[in-house]
Amino acid sequence: MIVFGEDRRILASGTPEVILQDRAILRAANLIHRHRHAHEGVWHEHEHEHPGVFHTHSHEAPPLKDAG
């Protein structure tokens, strides 16, 4: 698998298993990004992936301050 950056240069190459585990490469290629939202008034952020990809996160952390 080869991953290209937005500038069309090769960012990485390797097996799909290795590439998909490397969050830094996926962020650099703009394939995932940080996403901030609230559930029942508790603000938190996590990496946001494309639809159909399962992700989990906890709401146990203290609420973040609302920037707006």
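Owing to the predicted nature of the structure, the values given are computational and were not obtained by experimental measurement. Starting from 1, each residue takes its place in the sequence as its number.
- In this structure, the separation between CE on Met1 and CD1 on Ile19 is 7.0 Å, given to the nearest 0.5 Å.
- In this structure, the side chains of Phe4 and Leu11 stay at 4.5 Å or more apart for every pair of heavy atoms.
- For the atom pair OG1 (Thr15) and CD (Gln21), the distance works out to 9.5 Å, reported to the nearest 0.5 Å.
- For Arg23 against Leu20, the heavy-atom pair with the smallest separation is NH1-O, 3.9 Å.
- With Ser13 as the fixed residue, the side chain to side chain contact (heavy atoms under 4.5 Å, CB included) test singles out one of Ile2, Val3, Val18: Ile2.
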